[in-house]
Amino acid sequence: RSLIGENRINIHGPCTILPRELRQNPLRKIWMPCKNGLPEKHISQRRVCMTNSPTLIVTVGLPARGKTYISKKLTRYLNWIGVPTKEFNVGQYRRECVKIYKSFEFFRPDNEEGLKIRKQCALAALNDVRQYLSVGGGQVAVFDATNTTRERRSTILRFAEQNGYKVFFVESVCEDPDVIAQNIVQVKLGSPDYIDCNTEEAIQDFMKRIKCYENSYQPLDEVLDKDLSYIKVMDVGQRYLVNLVLDHIQSRIVYYLMNIHITPRSIYLCRHGESELNIRGRIGGDSGLSSGGKEFALCLGKFIQEQNIKDLKVWTSQMKRTIQTAEALGMPYEQWKALNEIDAGVCEEMMYEEIQEHYPLEFALRDQDKYRYRYPKGESYEDLVQRLEPVIMELERQENILVICHQAVMRCLLAYFLDKSADELPYLKCPLHTVLKLTPVAYGCKVESIYLNVKAVNTHRDKPENVDISRLPEEALLTVPAHH
Amino acid sequence: MEARRAQIRKRVRCESTASVPQFTNSPTMIVLVGLPARGKTYISKKLTRYLNWIGVPTKVFNVGQYRREAVRSYSNFEFFRPDNEEAMKIRKACALSALKDVSAYFTQDHGQVAVFDATNTTRERREVILSFAKEYGYKVFFVESICDDPEIIAENIKQVKLSSPDYVNCDKDEAVADFLKRIECYKVTYVPLDDDCDRNLSYIKIFNVGSRYLVNRVQDHIQSRIVYYLMNIHVTPRTIYLCRHGESDLNLLGRIGGDSGLSSRGNKFAAALGKYIRSQCIPDLKIWTSHMKRTIQTAEAVGVPYEQWKALNEIDAGVCEEMTYEEIQEHYPEEFALRDQDKYRYRYPKGESYEDLVHRLEPVIMELERQENVLVVCHQAVMRCLLAYFLDKSADELPYLKCPLHTVLKLTPVAYGCKVESVFLNVEAVNTHRDRPVNVSVDRDPMDALLTVPDHS
């Protein structure tokens with residue numbers, strides 16, 4: 001790769017580079033070089049995935065080892081941090097091909113018909129992977145299947161090499177019968193394959209299914225596979241073997257996989273109690289709680305006590321209103337600057353009416369792309385997500401936890417847990433005085449919304465119909481919630 | 001007065017603002033395991049530097065040092081023979097002495113992590129450490145380095161053993177021969193951490209300088225961070241270039257922060273930087289800038305693709321953004337004094353502290369560790385933080401490190417540390433370094449406060 005940029009004017013004479021003009025993108029407040037007034041393409045923003053090649057993550061393992069759980073969770077995490085990722089579950093392809101699942105016999109290693117279909121499904125899935133990575137703008141594809149034979153993995157490696165993809169294997173190894181039984185109960189019984197079976201039958205059949213794979217299972221080998229990049233997760237994370245991590249994204253994936261666990265627990269998310277600035281319809285700032293907010297804090301304390309949660313940790317931001325709320329709980333809490341509300345820069349402590357009056361262009365740009373829009377001298381939701389990543393990583397490590405934060409912050413955290421897209425995220429409803437209780441279940445998260453019955457202003461502003469910069473002030477202010 | 005003092009304390013320090021949430025109630029002992037010349041001391045020192053930088057008080061206890069103090073002059077490898085009873089007694093006493101100091105570090109000096117740097121190659125020795133830790137309630141995390149590549153070991157011996165106090169009077173070949181025999185002495189009794197017998201211990205095994213890792217039973221946040229860090233560092237030779245943006249228009253006016261463009265001298269510097277970088281002929285150089293105009297303008301002149309990191313933005317001076325020091329003294333004299341009292345922990349109203357900056361820069365450091373040749377074009381406070389990491393500067397020194405404009409610092413990892421070359425690119429610029437004044441009292445005279453302000457327009 002050449003060191004020389006595209007702006008060489010005089011190749012033979014002394015090297016003079018004429019620096020390009022810089023323009024600040026009005027939406028994201030990012031300085032971009034431009035020529036003749038138009039932005040030029042160059043590698044500008046720090047993206048998580050700085051690899052030039054897309055990455056293919058390949059799961060490996062017997063059935064009921066958590067491959068799909070890992071695939072879905074990893075995909076959710078990568079998308080949240082801004083790496084376009086998609087999972088491809090070969091079992092899904094099989095279900096589409098063989099409409100009705102009869103029994104484990106389909107998976108018998110001597111069932112030639114079955115093997116043919118399964119191979120076809122794998123190839124069809126790989127084809128879709130190619131579509132996604134090479135044409136569809138995807139950066140990471142998670143190929144979720146057993147991939148238990150060296151032969152199958154060779155096929156995948158050849159495919160990746162042909163297409164210029166990096167391959168990273170994630171193998172899950174587990175021999176603990178309790179863990180496997182729990183896995184079957186949680187996700188297999190509810191599978192479309194067993195929709196017409198009773199529990200006993202389903203378990204029996206599934207155990208026989210696992211047996212079909214066992215004989216031909218060739219785990220990743222320390223010697224034979226020493227040139228492959230992989231992580232072996234053993235006994236649900238007690239132990240890891242990590243081999244040849246090639247780049248940044250693989251390093252992040254390893255770190256993430258090493259921090260997640262499956263111990264049952266609950267995450268409680270809520271905002272601070274209603275604040276003085278909330279009542280006046282002003283955004284940001286560092287005000288204290290209103291009387292309603294204080295009442296909420298007391299109710300929150302009562303609610304937490306009633307929930308009788310084992311070893312609950314409490315986190316707040318470093319802003320007065322979340323700390324005041326936590327204080328009412330009478331429990332130790334931890335302050336994180338990373339949980340501070342989105343910085344509205346020059347718009348701090350303004351009402352929406354004032355933003356419209358003083359910064360109508362900014363106000364419109366924000367409505368056009370609320371996720372990427374950065375306040376002048378402030379932050380964007382996109383910035384927030386980056387700032388919150390260490391919080392999410394630590395949330396994964398923790399067990400029972402209550403996070404008292406702010407509207408934009410809570411939207412970001414919620415989007416992570418509920419797999420909401422960047423478009424949906426800034427409009428998620430996170431009203432004051434409402435606790436969201438998240439409980440991981442099967443492949444996702446159960447949400448319970450608990451309103452603690454203390455009135456508060458509404459701070460949710462929907463996207464107005466007219467987002468054009470030439471719109472009338474009334475159109476801009478149509479969706480502003482009521483306030484004093 | 002009490003209320004004001006409390007307010008000052010609140011602004012200046014908030015208990016839980018450390019980068020690492022205070023989850024670990026028990027102190028942690030990191031115990032190295034491995035034959036000589038496997039990089040244990042390299043890992044120990046680097047890890048200690050990293051942990052201290054992110055705000056976790058950490059200290060290395062190198063048992064070899066204790067041995068050198070006990071046995072004033074090293075004769076030869078025979079000291080390390082497994083049948084040398086006299087020596088074994090001394091070596092065990094040294095280990096116990098070091099453990100005693102570990103305990104003192106935790107209880108008296110408020111240390112959080114102690115790195116016990118020794119071979120610890122026998123199960124028996126590790127048992128001694130585990131019992132010690134259990135008795136005092138310390139967590140233990142083992143870091144074992146396994147390497148059988150003779151080239152790596154030879155390089156290691158060359159880099160750090162030949163210059164050891166042990167070999168100060170030996171010629172090169174003698175030293176190498178003796179050291180190899182020393183390694184053999186340990187091999188006889190070496191029992192690596194075992195998959196089965198040691199399955200209840202927490203550890204990471206590093207194979208061949210990081211091509212493979214085995215991680216067992218990570219107990220908590222700090223161990224998880226340590227594992228992540230160890231998995232990202234490498235020993236491939238490379239160079240890191242640090243510099244600030246060229247002189248900016250606000251620099252000329254003596255104003256802090258903001259997002260101004262380069263002055264004409266700043267532009268000259270940018271061109272000079274481009275020339276300098278090209279003359280260095282650096283293979284695969286990556287260039288990083290912040291999101292601020294002045295660093296991007298500077299990078300543009302180098303003519304190589306660059307990446308913008310928001311995390312590299314200058315410290316946010318909050319309400320003091322774009323002010324001169326004179327104006328800060330006029331409008332916020334108390335803030336100005338508080339800052340001089342504890343520049344590392346002081347947070348600007350609606351802004352950041354150096355402590356916050358370190359936290360924000362941690363992912364940058366992590367990625368710098370992964371990378372090879374990198375040029376980072378950043379800002380004064382940011383550069384101070386990065387430099388403090390590479391040169392192991394304390395929180396007290398950090399905010400006063402000299403990072404003048406138009407000067408490139410070339411950092412090359414060497415032995416256990418970092419070689420620094422300072423390259424001034426011969427384009428004049430204002431001085432932006434303000435020393436700590438003598439009087440930091442809240443009721444000081446404005447003149448006392450402004451004594452050390454550098455000249456500006």
Side-chain angles (χ1 to χ4, degrees), chain A residues 1 3-8 14-20 22 24 29-33 42-47 50 222 226 234 237-245 247-248 251 254-255 258-259 286 313 315 318 333-338 343 348 377 379 383 386-387 389-390 393-394 397-398, chain B residues 14-17 19 21-23 195 199 210-218 220-221 224 227-228 231-232 259 261 267 270-271 274-275 277-278 281-285 288 291-293 296-297 300-311 316 321 350 352 356 359-360 362-363 366-367 370:
Chain A
R1 222 190 333 153
L3 279 180
I4 313 300
E6 317 106 69
N7 295 317
R8 263 233 110 171
C15 304
T16 355
I17 308 283
L18 191 71
R20 296 175 287 192
L22 290 183
Q24 193 181 47
K29 310 299 185 296
I30 283 170
W31 290 100
M32 308 250 319
H42 75 139
I43 305 169
S44 64
Q45 299 326 306
R46 175 70 196 170
R47 292 256 171 274
M50 291 315 295
E222 263 181 39
K226 70 183 187 309
M234 296 173 265
Q238 203 150 271
R239 220 149 108 98
Y240 304 90
L241 184 62
V242 180
N243 199 62
L244 280 191
V245 169
D247 59 22
H248 178 91
S251 160
V254 165
Y255 185 41
M258 286 176 47
N259 281 315
D286 193 14
K313 295 247 167 75
W315 292 354
Q318 284 186 358
Y333 56 90
E334 188 99 25
Q335 296 182 20
W336 287 70
K337 185 171 192 278
D343 184 355
E348 275 284 317
K377 303 193 177 176
E379 295 178 300
D383 295 328
Q386 221 189 62
R387 162 148 76 81
E389 202 264 344
M393 197 61 89
E394 193 52 30
R397 291 196 56 78
Q398 289 296 326
Chain B
C14 185
E15 282 323 318
S16 346
T17 53
S19 286
Q22 308 308 310
F23 297 119
D195 279 1
R199 66 182 174 289
S211 64
R212 195 154 96 243
Y213 304 91
L214 184 62
V215 180
N216 197 62
R217 288 198 190 261
V218 169
D220 59 22
H221 177 94
S224 158
V227 165
Y228 185 41
M231 286 176 46
N232 281 316
D259 193 16
N267 274 311
K275 233 159 113 196
I277 290 297
R278 282 189 294 281
C281 294
I282 309 149
D284 287 325
L285 178 71
W288 295 353
H291 273 199
M292 294 176 146
K293 189 174 185 185
I296 299 168
Q297 273 184 301
E300 275 286 317
V302 181
V304 177
Y306 54 88
E307 281 171 47
Q308 298 182 16
W309 288 69
K310 187 172 193 274
D316 184 355
E321 275 284 318
K350 303 194 180 180
E352 295 176 301
D356 294 329
H359 182 58
R360 148 146 93 77
E362 203 264 343
M366 197 61 90
E367 191 54 24
R370 290 195 57 79

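Every chain is numbered from 1 and lettered A, B, ... according to where its sequence line falls, protein lines coming before strand lines.
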inquiry  = Can you classify the ring geometry of A:Y255 versus B:Y228 as parallel (below 30°), tilted (30 to 60°) or perpendicular (above 60°)?
reply    = parallel
ask   = From A:Q318 CD over to A:K337 NZ, what is the distance, rounded to the nearest 0.5 angstrom?
value =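 Reported to 0.5 Å precision, the distance equals 7.0 Å.
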task = Identify the heavy atoms of B:M292 and A:W31 that sit nearest to each other, and give their distance.
result =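 Here B:M292 and A:W31 meet closest at C-CD1, 4.1 Å.
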note = Looking only at A:S251, A:A338, A:G237, A:P390, the option with the highest number of non-hydrogen pairs under 4.5 Å against chain B is A:S251
inquiry  = Walk me through whether B:D220 and A:R397 qualify under salt bridge (charged side-chain N to carboxylate O under 4.0 Å, His left out).
reply    = CA-CA 8 Å; B:D220 59 22; A:R397 291 196 56 78; 5.7 Å; no
Give, as side chain, backbone, both or neither, the part of [X] having an atom under 4.5 angstrom from any heavy atom of chain B.
X: A:D286; result: neither
X: A:Q24; result: side chain
X: A:K377; result: side chain
X: A:M234; result: side chain
X: A:N259; result: side chain

query = If you count heavy-atom pairs under 4.5 Å with chain A, which of B:E321, B:R199, B:M366, B:M231 comes out on top?
reply =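 Top count of heavy-atom pairs under 4.5 Å with chain A: B:M231.
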Region of B:N232 that comes under 4.5 Å of a non-hydrogen atom in chain A =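 The side chain, not the backbone.
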ask   = What do the steps show when you test B:W309 against A:Q386 for side chain to side chain contact (heavy atoms under 4.5 Å, CB included), and what is the final call?
value = CA-CA 11 Å; B:W309 288 69; A:Q386 221 189 62; over 6 Å; no
inquiry  = The test is side chain to side chain contact (heavy atoms under 4.5 Å, CB included); show your working for A:R239 and B:R217 and say whether it passes.
reply    = CA-CA 6 Å; A:R239 220 149 108 98; B:R217 288 198 190 261; over 6 Å; no
